[in-house]
Structure formats: structure tokens, C-alpha cells
Amino acid sequence: MAYQFKDIEAKWQKFWAENKTFKAQQPFENQETKKPFYVLDMFPYPSGAGLHVGHPLGYIASDIYARYKRHQGYNVLHPQGYDSFGLPAEQYAIQTGQHPAKTTQANIKRYREQLDRIGFSFDWDREVRTSNPKYYRWTQWIFIQLFGSYYDYDDQKAKPIDGLVKVFDKQGNDKLNVACDEDIVEFTAEDWKEFSEDKKEEILLQYRLTYLAETEVNWCPALGTVLANDEIVNGLSERGGHPVEQKKMKQWSMRISAYAERLLQGLENLDWSDSIKEAQRNWIGKSIGALIQFKIQNSKFKISAFTTRPDTIFGVSFMTLAPEHELVEKITTPEQKEAVEAYIKETAKRSERDRLADVKTISGVFTGAYAEHPLTQQPIPIWIGDYVLAGYGTGAVMAVPCGDQRDYDFAKHFNIPIPNIFKDTDISKEAFGEKDNTLITNSDFLDDLPIKKAIKVAIQALEDKGVGQAKTNYRLRDAVFSRQRYWGEPFPVYYENGLPKMIDEKHLPLKLPEVEKYLPTEDGEPPLGRAQTWAWNTKSNQVVDNNKIDHKTVFPLELNTMPGWAGSSWYMFRYMETKHRDEVFASQDALDYWQNVNLYVGGSEHATGHLLYSRFWTKFLKDRGFLNVEEPFQRMINQGMILGESPKALLIPEYLTEEDFNKISNEAVDEDGFITGLPDIAPKILKDKSTYKYKNWRVYPTSLLKYLNKNIEFKIENIPIEFVYKEGENFIFTLKKIRDIRLKYPKFNNLRIGTREHLSQFNLDNNEIPIIYLDKVILEFEVEKMSKSKYNVVNPDDVCDEYGADALRLFEMFLGPIDQAKPWNTAGLSGVVGFLKKLWKLYHQDDTFAVSDEKADKKALKVLHQTIKKVNADIEDFSFNTSVSSFMICVNELTQLKCSSREILEPLCVLVAPFAPHIAEELWEKLGHQDSVSFAEYPRHKDEYLVEDTKTYPISFNGKMRFTLDLDLSLSKEEIENIVMQDERTQKQLQGRTPKKVIVVPGKIVNIVG
RNA sequence: GCUCGGAUGGUGGAAUUGGUAGACACGUUGGACUUAAAAUCCAAUGACCAUUAACGGUCGUGCGGGUUCAAGUCCCGCUCCGAGUACCA
């Protein structure tokens, strides 16, 4: 019987589902006391476009590993679920009015169908969805725990806020080493006791791990919403092109900065790629330096500035404040007021990213105020400049133009003096940035000190004078946690006298209310502002109608929702729980047993987002005794993106004449909306006359571009991949597809194939243009990110239909190293399909199963054991492309050897099982086994079969290989040298010369020099 | 801009610790089988030069240098491409 992948795959997928083959056992169920192993994929967001071939790449890799671990006898936890809150569903809801829950549900269904077809060994009984109230109940619960905690730096630990209240009662807040806001006011124990309850609450908010604070956001007044930097293009909103401005807004923040040091230190013990660890280190951005206070002349205010180079204190020639710095308006002189305000207004239009990325435009304004040098008392002009950001450090820079390029450029631009404090250096062209082997000069008591020493001395001097102190600074900022969106977790928060109060844990979840529209309200409130029933009754502990709000027992609820990363910051622990999901986020024995994720697979684009936030929450939950691990993900593999090929077309408009148009309007329209009888004029006109167009677009190859003159209107568009086929290097788009494409994509309503006649209108020399056909267009393609909007998405279902899931799995692995970005090109698919057929044939003769019990011969054993050795090593290294290669080599060689021995074919079946599980199960069954192959012991190689006694030595002359020589491996260096020197080919190469040197590396090479 | 990656035949990629560059596969070409096609099997396939009976030679891992008996691999300086850059997930 030939290899029938369709039947085989359907059969085993059904078998696995019915038998719950991949169900992970909880500790109390695990009678064999198997060791636990947890393999997890990064949480997928179920997008409307469905799964494309890029998604399964990581899933296949992790599935291979999970299956491999099962073969090794582990109790493997390999779950899957959905990060189902998020912006795309909301955008879709705004456009179509469909409830995001509904579209999310549909998308999840589609994802599940697609996932099921690939044969993953997921334990679906443990599925989670972040948008499920039973799940987000615990996200809200964690938020409440964060609100009820503060961070103690002395113990490097989060603690219940009650403890802090006790400290305040006893000693006030003086000299406390705890995480808090920058602008706290000192108070004594007596003060504290006098404070009103509200005042106490306000103060505590400055210490809680989640707190309300004013934060800068990208506000788009026209859309009434906050935008991500991502959604802003050239200072305008991506949607609609409306202006965007910086605005302060009261928002929930997470005091992740308290954990900066632990997040940094924790990286040491993680088995992650160095690049990701480095990215996190840079993100956390630890720097050691000094905080220096500058008095402002004629004013009671002071500016604090952090610097890593206190040794350059005598090189300060100006200061720069962020335009948003709160002191700006207080210190600006009347003469400069107008200019400063105008500048601030301009700055508000620029996004943070723009401001940081743009080093070419130098801008700034003098405030008119002067600070006083803390050591020399000299006046220092205070400027504002948009290269300084309010959220970084203190939002103020002590500018040392001789040592910092940005300060240098700024000083040059505004003719500010650039005093040089580095001995024997030239700063006429650029700032001097080196640190080593340089002495300080023109710096009073720092003169002639090397930089490292000068830093210490300078800090000491500043401390002695009480104008500065050593400080460790982190670039990591507290994370904004509020979103002005509908489709996210509601905060379990209501407001009493404007102060936030938590809903009691036992009344969770606080479910997302219904709204009639998913847009912000007219007065700019988030979508939840549209909810009619969104008030909290503190008596009945229920959500009640807004008109019941009396601010006595019924209060308004928070209108923001949580961000996408809330639910995904703790989901890995939720999978550990099965039975008690209603009582706890995960029960203690489950947490104790599974510990953390042993292997995490996903994209490196999460390096500084998800991967940092979940580490933060894990550490927090551990501090508060809810978890027993410090890190969520022990080992991580990052898969690269699969890129798509986008066929590009050159579109040139063709305007219909009034006469033509009138003809169309009078014509009959057929069922599909096409005008009958006028194919030349109207490719597609819908029955609804309002969609009549005066313009058609004609499709040409992009290579025509070079023949076009500048005056011709044109555009370049991606042609949806499903309407083209590939011929060699190019994609072909035919006349036959025109109708289909118009029907499917309204965007291409008026698309036509280009003709010479049409082009002749533009006075192009038709004879020069070689590339116009009557019925087709040759399209060139570009390799770019696979996405719905680029119409270049390849669906894994298509591959499964045509070649099967095992082929898809092998092919995706065969594409290349897991961590590299690579284009999707199905050309190579036939290679793995051929492999599967050959593998099948190895177990069959004339279509009947034929495996003999004969002893295997030595050669076959060697081939098998080489493969076993290679594959085992490859799996540990996540080098699956090379394992697939070695399977191919193995099967090719066994075929040559006409091997049909069970001694070889049985271990081979287990060996391929993690990669191509369906075919392996089928062969395993045919081999006479009752149980799933999934738990068969994984083959281990035996060295005895691999022993080599000869080596084919490359013989090189001056490093160039000239010939090879088979030599016994037992030979000594001298013996090898003798044999090589006597070889006639050696003599021929040397042509009578005497070698200067002969290098012999036994087992490797021979190199003759001279 | 900053941070982190990447670059090897026509294509995807392989190459242990510095030791035969191009494994494996696709594609292409030729052949076998076939009425034919598909499928399958066999052979060749980095470029260039020489040879056409065989044997050879030069160049070659993004670019320019360096270290070494030996460099795709190590060092220095660049170019181009991708990802992240704090509200996409």
C-alpha cells in the first residue's frame, strides 16, 4: 500500500484526541513518578487572518522537543491557549460594530482547527484565554496584590503595604530605603497620625507597586484616543492622518523600576541567547554616577541632574532641561517666555521616538535663567531642548560639551562656550569620548587625575559640600498600565473622592460591561465611559447603573482597561493548574511540582516587553509568597520570522470618457455585478450605481517602470498571492483571475490587464517595450514580512491538504536554522515529500509491509547509529534542519543497502517520531505495537558501531588541499609524515623543493609548507 | 540615532574547538522507463581558464585590512539588510 498521508494523519490525530495521549499528569495523578518537564510556546494572539506558515515554525520546534522529552520518560506539560484581549479585535469592532468577544471566538475556532491539523502534542484540557472572566479574575487579583504591596530595598523584596503603614506610624517616612515616587514629602510619625484618611491614601499611592501617576502620552484629539508610537507616522495618526500631540494623563503605572537590579542579576542564571539577555541589560540600563543639585539663581528652585561622569563637573557650560520639565515655566524669564512656550508647543507635536532618533536637527531655546555651578558658583545658562526627555532620569542634563557629542553639537549650534577639561586632547572637531589614558585638566582639585580616580574624588567633593551624591541610575522606566481601550481586563477599581479603591477579592471577577460602540466618548473618555451599568455599589458589592452613583455607597468604576501584557505576564503558571482554577490562580502543589517553564519558544521581538514584564510579575508573586520560583522561563529559544513573497504590480490609471461612462450606466448588469457586453470599458461595476468609477487601473510588470516618464500617474500594489502562480523566478497574473480578484477584494474593483494600446496614450515607444502580453502579466516579487495587509500570507492548511502535516513539519524545520529569518518558498517541499515516501518504502516491499527479523549488517548499524548520535545532539541544540538532513542521508543509505531489518527500522521509527509523528505512529503500529509510539524509549547511539579505523586525510600544500589519502588512524605523526612525503603526488607538488615545515594533525589534516 | 542580529553556488542552507568550503535538498541539464505525461531511478551541476582521452590550474563564504602552517570561523575598520526602541502582540 502506498503512503496515504491523508488517512494516516486523520487516523492518528483522532487517536491522540480520543485517548488524550498528551495529557500531562498532575502530581497526584502521576503514579509512575515521572519527572516533570514543561515546554511552552509564546502565547499566540488569535488574529483574524488565521495562522500563517510563520506561526507554526516555533510550535513545530517546541513540539519536537516536547515529544522527544516524552520519549525520554518525562511527564511533559505542553499546553496551548490564547492571548485573546487586544487591539486588532477592537479595531475590527470599531469598523464593523461586531462585539470583539464574537470575532475573538471565531478567530480562536479557526486557529484551533489549523493547529489541530499539524499534529501538535498539546494538552488541550489546560487551555486558557485571557479574555475569559474566569481567567482575568486572577489578573485582577494580581493587580490588587500589587496595589497592596510596596518594595523594600533593604530586603530586596515586595511586602504588604500594611507593614509600611506601621513604619509610618512609628517613624514617619524619613530615611526609608523603599521604592517610591521621586517627589515625596518627608513627614514624621506625628504628622502621619494627624493626616486625614484621604491624605494617607494619597501618600501610600506613592509607594504602592501599582499607582496612579501623570504620564506623557501620544494623544490624538481627532480620534479621541491615545496612540502607540507605532501608530504614528510622521507625527500624524496612521489611521486617518490626524495630528498627534503629547499630553499628560493620569494613568496606572507599574513600579517595575523597583525590580531593576533583580531583573538585571537574574539574567545571569538564565539559559537564554546572549543577544536577548544583552537587550534586557541595555533596556534596564544600569549606570553608576552621581546625582548633582544645581541651585537656580534668584530662585528657590533646584535642578537635579544625573551624570555618569561627575569628573567632568568643571566642563559644564550649560544645562538642558526637557521642554516638559516642571521647572521650565517657573524659571523662564519674561523676555524668553514667548520663545519657550512656542518651543514647547512645537515639541509636543513630536513623538518620543522621533526626538531620540533625530540627531541631525538641533533645536532648543534659552530660558533666560541661570543655574549656579555647585563648586565654582559660576552662572550656567539653562536651556531647554527636545533631545532631553522628561521621562529619562530627572529630565535634566548637565551639559559637558567637550565630552559628549550631543552636548557638543548643541553648544556649537548655539555658540555656547566649550571649555576643554581633557589634557592634551583636540576638541575642535568633535567631543572627546574616550575614558582611558586621559588626565583631567582646568578642573581645580581634579587636575592631572586619571578619569576613574577623578570620578571618585569629584563625588566625594560634591558629597562633602552637600550638593550631590553617588547614585546608581536605571534607564528602565515604570511601565504604564492603563489603556484607553475596550477590549482588555477592567481594573477592579472604583473611585471614592477621586481616590482609587480596590474591589474586594471575593467579588471578582469584575466583568467587562457592554457598550453600544467601541469608540471613546465624545468628551474623550475611554470606551468604558459609554457603559450605562458601570458603577460599584459598596453595600451590595455589585456593578450597578451609573445613575445610582451617589458618592456615598455607589461610586464610579475605572474607565481604563489593562494592557495586552497583563494577561500574558502570568499565564505560564495558570497552565499548571487543572482542577482548582476557580479557587486559586494555581494551587501550591501544582506550582511546587512544575516549578517554571523548562523550555520557552517564541520570537525575539518580545525581548523587552513580555519577557521583562513576566519576569517582573514572577518575582513579585514570589516575594509575596504565591510562587516559589524567581524566574518564569529557564531556557528559551527564539525562532526567526518566515517572510513572504509579495508579487508587485505597476498600476497605471485609465480614465473613462463621459461617453463610455454613459454607455455603462445604460447597460444591463449581470448577477455578479458585471456589465455585460462591454468588456472593454467596464471591468466591474456593481449594481449599486453609487460605486461607478471613472477610473480603471491597468496592471503592468514593475519592470515597465523604467520606460515611464515622470508625468504619468501610477502606483505599485501587492497582488494577492492566491491569484497568481509561479513560473520560475516570477509570478504570473492572468486575465482569467481578474474577475475573481475583483469579486474578492473591493480594492481591486477596477483592475484590468494592461495593453499596448493603453500605453500608447502616453507616447511611449511601443516597439521598445518588450514585456506586454494580451492575457497575462509577469510580476516581480519582493520578500517582506508575511501579513494580511500585504496579501502575501501562505496558509499552512494548503500545505497540509496537498502534502500532509508531516511534510509541513519536516519542511518548516528543513528551511534553515530556527532562529534565522527566512523567506517562505515551497520549492523545497518536494524534497521532504520524497523523503517521507522513501521512508515509507523502506518498511514495504511491493506495497506490503515487509520488515524482517534478520540481523542487521554492520554497515546499516553504522548508518543508524550515526543518525541517532547526530539527531540526539541536534535536538538538544535545536538544530532541526540538520536532523532532517541526516534522516534523509540515513534513509538514502539504508535504501541503497536494501535494509529491511527490524533491528534498524524499529529504532529509526522512534527516532523520526518527534519530527513526523503521524507516519511514525502508523509504522509503529505495523511493526506490531499496541501503544502509541510517543512513549517508546528514544534510541541512544552505541559507540561500538561507530568506530572508524581509517581517515581520509586532506593533504594540503601551503594551506591548499591538493589530494586526499586514506590512512590508518593508529599511525603516529611521524609515520603519517613519512607516508605522505613518499607519495608521488607529494613529490609532484613539491617539484623538487624541500618543505620548510610539515604540519600533521592526526585525525585532521596534513599541511606541507614550502 | 541607539541596542541586538544577519550576509556562503541559480535557490534554501551545511561545515565539530581555526583543519578537505558548498553536506542535504530544490532548481537546471542529460539519460533510463513510458504511446505520452506524471511518478520513479541514474548521472552531471560554485565561477572562470585549459583540455575534450585523461591529468590540471586560477579565483571563490558582503567589502577593505590583519593574525596564523591553515580563516566562512579569530582581530580591526566599513557596507547593506532585518528586528526592537517602552500603548501592535
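Letters A, B, ... are given to chains in the order of the sequence lines, protein chains preceding strands, and every chain is numbered from 1.
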- Given B:rU3, B:rC69, B:rG27, the nucleotide with the shortest approach to the side chain of A:S830: B:rG27
- Message: Under 3.5 Å for both donor-acceptor distances, Watson-Crick or wobble: does B:rG77 have a partner, and if so which one?
- Response: B:rC63
- Paired with B:rU28 by Watson-Crick or G-U wobble geometry, both distances under 3.5 Å: which nucleotide is it? B:rA44
- Who does B:rU20 pair with, Watson-Crick or G-U, both distances under 3.5 Å? none
- In B:rG60, glycosidic geometry as syn within 90° of 0 or anti otherwise: anti
- A:K250/A:E558 ion pair, N-O < 4.0 Å: no
- Among B:rA86, B:rA83, B:rC69, the nucleotide that comes nearest once only the side chain of A:M641 is considered: B:rA83
- Task: Consider the side chain of A:Y45, meaning its heavy atoms from C-beta on, and name the nucleotide among B:rG13, B:rA89, B:rC88 that approaches it most closely.
- Result: B:rA89
- Message: Within the 4.0 Å heavy-atom criterion, would you say A:V217 contacts the bases, only the backbone, or no part of the nucleic acid?
- Response: base
- Distance between the C1' atoms of B:rU67 and B:rA71, in whole angstroms? 10 Å
- Task: Write down the partner of B:rG1 under the Watson-Crick or G-U wobble criteria, each distance required to be under 3.5 Å.
- Result: B:rU85
- Task: Give a yes/no answer on whether the side chain of A:N958 brings an N or O atom under 4.0 Å of OP1 or OP2 in B:rA70.
- Result: no
- Query: In terms of side-chain heavy atoms, does A:T952 have a donor or acceptor partner in A:D966 at a distance below 3.5 Å?
  - Reply: yes
- Looking only at side-chain atoms of A:E605, point me to the closest of B:rC24, B:rA86, B:rG84. B:rG84
- Query: Taking only side-chain nitrogens and oxygens of A:R962, does any of them come within less than 4.0 Å of OP1 or OP2 of B:rA70?
  - Reply: no
- Task: Kindly indicate whether the side chain of A:N1007, heavy atoms from C-beta on, has any atom under 4.5 Å from the side chain of A:V998.
- Result: no
- Query: So, the side chain of A:K286 versus the backbone of A:I284: is there a donor-acceptor pair under 3.5 Å, distance only?
  - Reply: no
- Message: Regarding A:I276, tell me which of base, sugar-phosphate or nothing describes its non-hydrogen contacts under 4.0 Å with the strands shown.
- Response: nothing
- Message: Before we go on, tell me: are the rings of A:Y45 and A:F43 under 6.0 Å apart, centre to centre?
- Response: no
- Could you please spell out the steps behind the side-chain hydrogen bond (donor to acceptor under 3.5 Å, both in side chains) verdict for A:S84 and A:S131? CA-CA 5 Å; A:S84 47; A:S131 58; 2.7 Å; yes
- Item | Under 3.5 Å on both distances, the Watson-Crick or G-U partner of B:rU34 | none
- Message: At 4.0 Å (heavy atoms only), tell me whether A:N1007 reaches a base, stays on the sugar-phosphate, or touches nothing.
- Response: base
- What does A:Q251 touch in the nucleic acid at a heavy-atom separation under 4.0 angstrom: a base, only the sugar-phosphate, or nothing? base
- Task: Identify the residue among A:L839, A:L836, A:T867, A:V884 that makes a side-chain contact (heavy atoms from CB on, under 4.5 Å) with A:V912.
- Result: A:L839
- Write down the distance between CG (A:L836) and P (B:rA39), rounded to a whole number of angstrom. 16 Å
- Could you measure between the two C1' atoms, the one in B:rU28 and the one in B:rU11, and give it in whole Å? 11 Å
- Query: Within the structure shown, what part of the strands sits under 4.0 Å from A:I999 by heavy-atom distance: base, sugar-phosphate, or nothing?
  - Reply: base
- Item | For B:rA53, the Watson-Crick or wobble counterpart (both distances under 3.5 Å) | none
- Could you tell me whether A:W565 contacts a base, only the sugar-phosphate backbone, or nothing, with contacts defined as non-hydrogen atoms closer than 4.0 Å? nothing
- Query: Given that A:S956 and A:R406 both sit by RNA chain B, which one's nearest nucleotide is further toward the 5' end?
  - Reply: A:R406
- Query: In terms of side-chain heavy atoms of A:K841, which of B:rA25, B:rA21, B:rU40 is nearest?
  - Reply: B:rU40
- Query: Checking all strands, does A:S482 fall into the base, sugar-phosphate, or nothing category for heavy-atom contacts under 4.0 angstrom?
  - Reply: base
- Task: Classify the nucleic acid contact of A:V226 as base, sugar-phosphate or nothing, counting any heavy atom under 4.0 Å across all strands shown.
- Result: base
- Message: Nearest to the A:F814 side chain among B:rC4, B:rC87, B:rG12, which nucleotide is it?
- Response: B:rG12
- Given the options A:E214, A:R483, A:E216, A:Q484, A:Q251 meets side-chain hydrogen bond (donor to acceptor under 3.5 Å, both in side chains) only with A:Q484
- Item | Distance in angstrom units between A:K1004 NZ and B:rU73 C1', rounded | 13 Å
- Message: I want to check something: taking the side chain as every heavy atom from C-beta on, are A:V226 and A:K247 in contact at a cut-off of under 4.5 Å?
- Response: no
- Message: OP1 or OP2 of B:rC59 versus the side-chain N and O atoms of A:K960: is any pair under 4.0 Å?
- Response: yes
- Note on the structure: Among B:rG12, B:rC87, B:rA39, the one nearest any side-chain atom of A:Y613 is B:rC87
- Query: To the nearest angstrom, how far is A:K973 atom NZ from B:rC69 atom C1'?
  - Reply: 12 Å
- So what does A:S886 hit on the nucleic acid, given a heavy-atom distance under 4.0 Å: a base, only sugar-phosphate, or nothing? nothing
- Query: A:M813 has an atom CE; how far is it from atom C1' of B:rG13, in whole Å?
  - Reply: 14 Å
- Any donor-acceptor pair under 3.5 Å linking the side chain of A:Y135 with the backbone of A:G567? yes
- Task: Return the nucleotide paired to B:rA70: Watson-Crick means purine N1 to pyrimidine N3 with N6-O4 or O6-N4, wobble means G-U with N1-O2 and O6-N3, both under 3.5 Å.
- Result: none
- Item | P spacing across the pair B:rA47 / B:rG10, given as an integer number of angstrom | 7 Å
- Measure from CG on A:L87 to P on B:rC88 and round the result to the nearest Å. 8 Å
- What integer distance in Å separates A:F957:CZ from B:rG57:P? 11 Å
- Message: With a 4.0 Å limit, can you tell me whether A:R477 has a side-chain N or O closer than that to the phosphate oxygens OP1/OP2 of B:rA86?
- Response: no
- Message: Under 4.0 Å, heavy atoms only, any strand: does A:S604 hit a base, just the sugar-phosphate, or nothing?
- Response: nothing
- Nearest to the side chain of A:V1001 - B:rG19, B:rA86, B:rA89? B:rG19
- Among the candidates B:rC87, B:rC41, B:rG6, find the nucleotide nearest to the side-chain atoms of A:K838. B:rC41
- Phosphate OP1/OP2 of B:rA25 contacted by A:N892 side-chain N/O (<4.0 Å): yes
- Item | Proximal nucleotide (of B:rC87, B:rC4, B:rG84) relative to the A:E278 side chain | B:rC4
- Query: What is the pairing partner of B:rA39, taking Watson-Crick or G-U wobble pairs with both distances under 3.5 Å in any strand?
  - Reply: none
- Nearest-Å distance for atom pair CH2/P, residues A:W487 and B:rA89: 13 Å
- Note on the structure: A:H606 atom NE2 is separated from B:rU85 atom P, nearest whole Å, by 10 Å
- Message: Under 4.0 Å, counting only non-hydrogen atoms across every strand here, what does A:P817 touch: a base, just sugar-phosphate, or nothing?
- Response: sugar-phosphate
- Item | Integer angstrom distance from the P of B:rG57 to that of B:rG5 | 41 Å
